[in-house]
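Data first, discussion second: the structure below is written as structure tokens.
Only heavy atoms go into these numbers, but all of them, side chains included; no hydrogens, no water, no symmetry mates. No experiment lies behind these values; they were computed from the predicted model shown.
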Amino acid sequence: MKIEREIKSRAVDPTARPSLPRIDSPHVEAMQRELDHLRRKCSQLEEDAEQKQAEHIDWKRQRDLLNQEVAAAHQETTRVNEENAGLKEELGRVQQEGAEAQRRLEEQKNAEIATTREELIISQTQCETLEASRLEMKQNLDEFIDVLSISSHDVHVT
């Protein structure tokens, strides 16, 4: 019935196909508002996606830079470790040479002490021999003086 009224009101040919019922304007406007809202939301999501993509690219760039820094730090650590190993080897050699030098110095000192002791014993023996000779010479001198004094006394007495 509604279709018949529409046909009569428009004076349309009754044999023509009836048109679709017309959607009222407030409903269309609400759908249009919803569509606009969805378009804005879609636009915002696209902007957000672009922002996230830019952030992701920036994050990748920062990650790559950090990875380069880590690799450089790793290389530096390896270099320092190798240098430290070389220094430890050199320190070991120096300590070994120092210990060897200390041992040789100790042997030399002990040899010098032994030589000095031997020289001291020889000198002491020589001193004792000289002292014995001096005492013997003094005794001989004293005896000679006694003999001379007796002889001289005899000469005066006679």
Side-chain angles (χ1 to χ4, degrees), residues 19-158:
S19 65
L20 295 173
R22 189 158 182 201
I23 302 174
D24 63 340
S25 183
H27 183 66
V28 170
E29 287 175 13
M31 288 180 74
Q32 188 64 44
R33 283 193 304 273
E34 181 67 21
L35 182 61
D36 290 343
H37 171 73
L38 291 174
R39 284 183 179 149
R40 283 190 304 273
K41 189 172 184 178
C42 186
S43 237
Q44 183 62 44
L45 289 173
E46 287 174 351
E47 289 175 16
D48 290 349
E50 288 174 6
Q51 176 69 27
K52 292 292 181 187
Q53 187 175 12
E55 288 174 3
H56 183 70
I57 290 170
D58 187 48
W59 175 85
K60 279 184 172 179
R61 193 174 304 121
Q62 288 177 358
R63 183 197 63 194
D64 291 344
L65 289 173
L66 288 173
N67 285 340
Q68 290 173 359
E69 288 178 20
V70 167
H74 180 69
Q75 287 176 341
E76 180 66 12
T77 300
T78 301
R79 185 194 65 75
V80 168
N81 287 343
E82 289 171 356
E83 184 178 325
N84 282 347
L87 290 173
K88 284 180 182 178
E89 286 177 17
E90 186 176 342
L91 176 62
R93 280 192 305 274
V94 168
Q95 286 176 333
Q96 187 175 5
E97 289 171 4
E100 182 65 25
Q102 181 69 28
R103 185 190 60 74
R104 285 192 311 266
L105 184 62
E106 194 69 29
E107 286 175 357
Q108 182 181 357
K109 182 179 81 171
N110 289 340
E112 288 175 3
I113 289 172
T115 302
T116 304
R117 280 186 183 150
E118 289 173 6
E119 290 173 355
L120 181 61
I121 290 169
I122 291 169
S123 295
Q124 209 169 12
T125 304
Q126 289 175 344
C127 283
E128 289 170 359
T129 303
L130 287 173
E131 181 64 22
S133 294
R134 185 189 69 78
L135 288 174
E136 186 180 336
M137 289 173 80
K138 184 176 186 287
Q139 185 178 4
N140 288 341
L141 184 60
D142 285 347
E143 288 175 6
F144 180 70
I145 291 174
D146 284 344
V147 168
L148 279 180
S149 78
I150 293 176
S151 296
S152 134
H153 190 282
D154 285 346
V155 172
H156 284 287
V157 172
T158 40

Identify all side-chain donor-acceptor contacts of residues 85-96 below 3.5 Å with residues at least two apart in sequence or on another chain.
none

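Under the side-chain hydrogen bond (donor to acceptor under 3.5 Å, both in side chains) criterion, the residue pairs touching residues 119-131 are E131-R134, with sequence neighbours excluded. Residue pairs satisfying the side-chain hydrogen bond (donor to acceptor under 3.5 Å, both in side chains) criterion with at least one member in residues 66-77, sequence neighbours excluded, are listed as follows: E76-R79. Listed by first and then second residue, the ring-ring contact (aromatic ring centres under 6.0 Å, His included) pairs that reach into residues 39-69 are H56-W59, sequence neighbours excluded.
For the salt bridge (Lys or Arg N to Asp or Glu O under 4.0 Å) test, residues two or more places apart in sequence or in another chain that qualify with K109 are E106. Scored by the side-chain hydrogen bond (donor to acceptor under 3.5 Å, both in side chains) test, E118 finds no partners at all (sequence neighbours excluded). Scanning for side chain to side chain contact (heavy atoms under 4.5 Å, CB included) contacts around D36 gives Q32, R39, R40, with sequence neighbours left out. Residues forming a salt bridge (Lys or Arg N to Asp or Glu O under 4.0 Å) with K41 (at least two apart in sequence, or on another chain): none. Applying the side-chain hydrogen bond (donor to acceptor under 3.5 Å, both in side chains) criterion to E107, with sequence neighbours excluded, gives R103. Here Q44 pairs with D48 under the side-chain hydrogen bond (donor to acceptor under 3.5 Å, both in side chains) rule; sequence neighbours left out. Residues passing the salt bridge (Lys or Arg N to Asp or Glu O under 4.0 Å) test with D146: none are found, sequence neighbours excluded. Applying the side-chain hydrogen bond (donor to acceptor under 3.5 Å, both in side chains) criterion to Q62, with sequence neighbours excluded, gives D58.
Using modelled atom types and a 3.5 Å distance limit, the side chains of Q51 and E47 yield no donor-acceptor pair.
Distance check, rounded to the nearest 0.5 Å: NZ of K52 to CG of L45 gives 11.5 Å. The CG atom of N110 sits 9.5 Å away from atom CD of E112, with the distance rounded to the nearest 0.5 Å. Taking CG of L120 as the start and CD1 of I113 as the end, the distance is 12.5 Å to the nearest 0.5 Å.
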### Query
Could you walk me through whether D64 and K60 pass the salt bridge (charged side-chain N to carboxylate O under 4.0 Å, His left out) check?
CA-CA 6 Å; D64 291 344; K60 279 184 172 179; over 6 Å; no
### Query
Given H27 and M31, is the side chain to side chain contact (heavy atoms under 4.5 Å, CB included) satisfied, shown in steps?
CA-CA 6 Å; H27 183 66; M31 288 180 74; 3.4 Å; yes
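Within a 6.0 Å sphere centred on CZ of R117, heavy atoms belonging to other residues, nucleotides or ligands number 12 at most.
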